[in-house]
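Worksheet: the structure to be examined is printed underneath.
Positions are given from 1 along the sequence. Counting starts at 1 for both ligands and their atoms, in listed order.
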Amino acid sequence: MHMSDSEDELPLSQRAAINNNLSGLALPNTTPSIPVKKEEPSDYVITAKASDEDSDDDMPLAQRLNGRSIKRTGSVKSESDDDEIPLAKKRKKLSLNKSKVKKESPLPSNGKRKKESDDKPLAKRGKKESTPLTSTAAKKAKIKEEQEAEIYKWWEEQEQKGMAEDDTIKWTKLEHNGVLFPPDYVPHGVKMKYDGKPITLSPEAEEVASFYAALLETDHGKNPTFQKNFFNDWLKILKKDPQNPKITSFEKCDFRPIWEKFERDKEKKKQLTKEEKLKIKQEKDKLEEPFLYAYVDNRKEKVGNFRIEPPGLFRGRGAHPKTGMLKQRVLPEQVTLNLSKDAKVPPAPPGHKWAKIVHDQTATWLATWKENVNGTIKYVFLAQSSAWKGQSDMQKFEKARELKGLVSKIRKDYTSHLKDQNRLTRQRATAMYLIDRLALRAGNEKGDDEADTVGCCSLRAEHIELESPNTLHFDFLGKDSIRYVNSVAVETQVFKNIKQFKADALKRYAEAKKQHPKGEVDPLVTSLFDDLSTGALNKHLNNYMKGLSAKVFRTYNASHTFQKQLEKLTNKEESIPDKMLSFNRANRDVAVLCNHQRAAPKGHEQQMGRIQDRIRALKYQRMKCRKQIFELDAKYKKIAEYAQAESDLEDDWIAEHEEMLINKERERIKNKFAKQNEKRKEAKEPLLPESQLKDDLKAVDEMAKRLAKERKTGRSEPKPSATVEKLINNLSKLDQRIAAVKVQATDKEENKEIALGTSKMNYIDPRISISWCKKYEVPVEKVFNKTLLEKFRWAQTVGPNWKF
Ligand SMILES: *[C@@H]1O[C@H](CO)[C@@H](O)[C@H](O)[C@H]1NC(C)=O
Ligand SMILES: *[C@@H]1O[C@H](CO)[C@@H](O)[C@H](O)[C@H]1NC(C)=O
Ligand SMILES: *[C@@H]1O[C@H](CO)[C@@H](O)[C@H](O)[C@H]1NC(C)=O
Ligand SMILES: *[C@@H]1O[C@H](CO)[C@@H](O)[C@H](O)[C@H]1NC(C)=O
Ligand SMILES: CC(=O)N[C@H]1CO[C@H](CO)[C@@H](O)[C@@H]1O
């Protein structure tokens with residue numbers, strides 16, 4: 001049971017976005033803020049949006065200046081206060097060599113728990129020599145071992161070289177096979193209707209119509225913005241081929257015939273046999289195989305998402321103004337590959353050529369292209385488990401730990417600057433306070449075409465209400481259009497400052513209105529921090545520590561809070577499910593802090609219902625078990641612990657449940673019979689006679705009769721082999737299982753509107769979780785799924801007493 005996989009319940013569209021992040025198809029997220037990143041091809045204008053979860057915080061200054069800049073008013077001597085900042089503390093070298101790590105992970109002295117696990121990487125654990133291996137298990141273990149031999153354990157090396165962050169050389173040899181393109185479109189020929197009549201479309205127009213038709217019954221398909229954007233783009237495609245019918249009205253379009261075709265396809269797909277499904281999967285695997293790995297300095301590394309996203313209609317999160325627009329097919333002519341000079345250039349698909357082949361040794365991307373809807377640059381990187389990603393992750397968390405040592409100085413500085421004469425300094429100090437205390441994003445400029453989302457520097461007057469004496473009420477759309485609503489009591493001086501900035505902003509608004517009574521007023525007029533740009537803020541942060549950004553504050557706060565909460569909540573004596581509940585609660589506190597909210601998953605109520613059913617089914621077993629004990633020894637009837645009734649099992653429910661059990665048993669017997677005969681058929685042995693099935697089913701009828709009788713008598717007949725001891729043993733097992741499922745239910749309910757994955761993946765130092773697991777004897781697999789285990793392999797070396 002993986003309690004952590006909250007993303008599984010996300011609506012598909014969001015899941016896709018998350019997977020996208022996972023795959024690394026995004027800007028690198030740990031690059032320092034000021035220098036223009038080498039990884040970003042400079043000949044593109046990069047929109048102030050990256051698909052990676054948080055890369056916005058780190059938007060380099062130069063890019064920011066590409067966009068509109070908030071007007072600086074009255075910042076007379078604004079740069080001078082940089083001089084007041086003490087030199088950034090010298091960065092401590094990462095010292096994660098082996099001996100140090102060992103020292104940090106002493107085994108517990110009580111000897112209670114000398115597990116093989118402590119210093120071994122996870123992949124080596126869990127393989128007990130004593131376990132007899134079946135031949136397939138042995139094979140699997142062997143493959144695993146071989147794979148492990150290929151893992152580059154960079155964290156065990158003395159010197160940390162090639163950290164992904166700077167513009168140093170990252171590789172001398174880089175080989176890979178490029179990217180996998182989605183298959184070409186194959187027209188289905190199903191005619192949609194226009195004005196009630198079937199129409200014939202060119203393949204390209206049919207393809208785009210089909211994108212919409214597939215979504216006909218979804219919220220997207222019914223969203224007017226989505227419809228409008230789709231329709232506009234579709235008209236352009238229709239005009240490309242003069243043979244296409246003249247279409248002018250969306251209302252006259254009837255996409256249902258295509259939708260129905262897709263529904264039929266779905267049905268057919270469901271009916272495929274196992275073999276057919278396997279064959280499809282094998283074909284897909286074969287197609288993907290060449291792209292799975294890259295070779296970096298002759299080291300085999302998994303590639304992240306090497307698949308070019310197929311064309312489709314853009315969905316976007318929140319009320320994205322571009323929702324429904326056509327995301328065009330990406331052609332090889334748009335894709336640039338990064339390889340070493342001596343590497344073989346992979347052939348482009350037949351009839352095509354690559355946009356460019358480059359040999360950028362400072363870049364860690366393998367391929368890049370520009371997506372047409374947002375104009376975002378997409379990259380193919382190595383997988384999360386790769387050395388580059390791991391190194392940049394580790395560096396990110398080391399940076400956050402470094403901030404731990406600096407934060408009191410930073411706080412002291414901004415606290416005194418809150419009252420500075422200089423307005424910019426005051427604004428900056430106020431923003432710093434919000435970033436530090438509220439874990440807000442820095443926020444950057446956006447083009448008009450993006451959903452209206454803000455971070456700290458782009459807060460406007462209308463986003464904060466003030467309540468005396470010192471409470472701020474925030475309400476704005478943060479990144480990915482997630483609403484941030486929060487009320488906080490702040491320091492008096494912060495309250496005063498915000499009050500002043502808000503009054504100034506409203507005054508500017510009134511003046512602008514006076515000057516252009518009819519025209520629309522630029523919303524930026526009401527910016528609270530009108531003197532402060534994200535770039536200037538980041539520059540200021542960099543004076544404390546290279547690479548310090550709002551994101552480092554978030555990482556620091558998230559990790560710090562998580563560790564503190566974990567320590568507070570975990571109880572050594574608890575069961576593992578209870579410990580996991582504590583873990584998830586600490587994770588939840590962090591997710592709330594980072595505002596990682598989500599809409600309750602669509603199936604949540606049903607899922608909760610199913611869990612309740614499971615609890616009831618277990619209670620039913622417990623009830624039967626108790627009654628059987630009474631049959632064997634009536635004295636237990638008088639012991640309160642055994643005598644209690646299952647209060648929430650109603651008679652009607654019991655009858656229904658038993659009917660279900662009986663039907664299930666019947667199905668099971670029939671299936672077993674069919675399977676046995678299938679096997680015999682293959683082995684050319686004589687088949688079992690139908691009469692045997694009949695006999696087997698008779699036992700079920702008897703079970704039904706017995707249960708019906710037991711319902712009347714209120715007793716239950718124990719198995720012939722049953723003893724009181726065995727039954728009591730079973731009873732206590734049932735108690736445990738019921739408790740575990742109840743904990744799971746609580747966890748799920750508390751998780752309903754919080755996404756744990758993002759903070760776990762991006763903000764919480766994995767070493768905290770791993771040392772917690774070691775300290776409290778919780779298997780690491782309970783807290784990290786497979787992806788995260790691989791991603792955080794480097795963190796496995798910490799011991800139970802490691803501290804963030
Ligand atoms: C455009 O940006 C949004 C974020 O606002 C993102 O969710 C989406 O994936 C981007 N679109 C494409 C086609 O990449
Ligand atoms: C983290 O943020 C919270 C506010 O959400 C704040 O109260 C707390 O002081 C911060 N903790 C650290 C360690 O920065
Ligand atoms: C105890 O539980 C196990 C598993 O649920 C079951 O197979 C067994 O028959 C039970 N023992 C008795 C004596 O009923
Ligand atoms: C593992 O968890 C992460 C974050 O919690 C999630 O994004 C990812 O999809 C999960 N992967 C798998 C294979 O379940
Ligand atoms: C897209 C692109 O060409 N990016 C970079 C690739 O590497 C060269 C240097 O080898 C850079 O100049 C490019 O900007």
Side-chain angles (χ1 to χ4, degrees), residues 2-10 14-24 53 305 383-385 400-401 403-408 410-411 432-440 472 474 484 486-491 550 552-565 584 587 589-596 598 617-618 620-622 624-629 631-632 716-734 736-737 751 754-764 766 769 781-792 804:
H2 249 297
M3 289 179 161
S4 55
D5 290 350
S6 52
E7 309 308 8
D8 295 351
E9 295 135 33
L10 283 182
Q14 288 182 29
R15 228 187 294 154
I18 284 168
N19 286 338
N20 219 6
N21 291 341
L22 229 198
S23 64
E53 143 71 8
N305 199 354
Q384 292 286 350
S385 56
R401 293 176 84 197
L403 174 57
K404 202 173 69 161
L406 277 174
V407 77
S408 57
I410 296 176
R411 284 178 181 159
M432 296 272 290
Y433 178 91
L434 296 182
I435 283 170
D436 180 27
R437 294 295 166 173
L438 294 172
L440 290 190
L472 298 179
F474 293 85
Y484 182 94
N486 198 0
S487 298
V488 246
V490 295
E491 269 177 43
V552 181
F553 277 92
R554 287 163 72 73
T555 310
Y556 157 65
N557 198 332
S559 293
H560 181 89
T561 306
F562 182 68
Q563 180 168 284
K564 208 175 65 201
Q565 288 302 95
N584 285 345
N587 192 169
D589 288 340
V590 172
V592 170
L593 179 83
C594 297
N595 201 40
H596 292 148
R598 63 171 181 184
L618 287 167
Y620 169 84
Q621 286 183 30
R622 186 163 70 178
K624 287 281 175 192
C625 193
R626 283 191 184 127
K627 288 183 174 167
Q628 289 166 14
I629 293 176
E631 289 299 313
L632 292 179
S716 180
E717 185 188 323
K719 280 187 187 169
S721 64
T723 62
V724 172
E725 202 183 13
K726 279 187 196 165
L727 286 169
I728 286 180
N729 189 22
N730 270 11
L731 197 61
S732 84
K733 271 192 210 141
L734 283 168
Q736 280 168 23
R737 279 174 67 196
N751 246 3
I754 307 279
L756 298 185
T758 314
S759 49
K760 201 189 249 183
M761 181 135 141
N762 296 304
Y763 291 109
I764 295 174
S769 306
E781 294 81 355
K782 287 246 182 261
V783 305
F784 290 147
N785 65 18
K786 193 163 161 287
T787 320
L788 292 184
L789 278 176
E790 282 181 13
K791 178 177 164 66
F792 296 139
F804 174 74

message: If only side-chain N and O atoms count, and only distance matters, is there a donor-acceptor pair under 3.5 Å linking T758 with N762?
response: no
query: When you look for protein heavy atoms under 4.0 Å from ligand 3, which residues do they belong to?
result: K719, A722, L727, N730
message: My understanding is that only residues two or more places apart in sequence, or in another chain, count here; which of them pass side chain to side chain donor-acceptor pair (under 3.5 Å) with S759?
response: N587
- request: Quick one: do V783 and L788 satisfy side chain to side chain contact (heavy atoms under 4.5 Å, CB included)? Show the steps, please.
  value: CA-CA 9 Å; V783 305; L788 292 184; over 6 Å; no
query: Does an N or O from T561, backbone or side chain, lie closer than 3.5 Å to an N or O of ligand 2?
result: no
- prompt: Got an N/O contact under 3.5 Å between Y556 and ligand 2?
  reply: no
field: Distance filter under 4.0 Å to N785 heavy atoms, resulting ligand 4 atoms
entry: 1 (C), 2 (O), 3 (C), 8 (C), 10 (C), 11 (N), 12 (C), 14 (O)
query: Can you check whether R411 has an N/O within less than 3.5 Å of an N/O in ligand 2?
result: yes
- request: Determine the minimum heavy-atom distance between R554 and H596, stating which atoms define it.
  value: NH2-NE2, 4.0 Å
- request: Output yes when the distance from some N or O of ligand 4 to some N or O of K760 is under 3.5 Å, and no in every other case.
  value: no
message: I need the atoms of ligand 4 closer than 4.0 Å to a non-hydrogen atom of T787, numbered in the order shown.
response: 11 (N), 12 (C), 13 (C)
query: What atoms of ligand 4 come within less than 4.0 Å of a heavy atom belonging to G757?
result: 4 (C), 5 (O)
- request: Determine whether D436 and R411 make a side-chain contact, defined as any pair of heavy atoms from C-beta on separated by less than 4.5 Å.
  value: yes
task: Considering the heavy atoms of H560, write down every atom of ligand 2 situated less than 4.0 Å from one of them.
output: 13 (C)
- prompt: Quick one: which of L440, L593, L438 gives a side-chain contact (heavy atoms from CB on, under 4.5 Å) with N486?
  reply: L438
query: Can you list the residues that meet the salt bridge (charged side-chain N to carboxylate O under 4.0 Å, His left out) rule with K627, with sequence neighbours excluded?
result: none
query: Taking heavy atoms and a distance under 4.0 Å, where does Q563 meet ligand 2: side chain, backbone, both or neither?
result: neither
statement: By salt bridge (charged side-chain N to carboxylate O under 4.0 Å, His left out), E491 pairs with (sequence neighbours left out) none
task: Check whether any side-chain heavy atom of K760 lies under 4.5 Å from a side-chain heavy atom of F784, and answer yes or no.
output: yes
- prompt: Any side-chain heavy atom of Y556 sitting closer than 4.5 Å to one from L406?
  reply: no
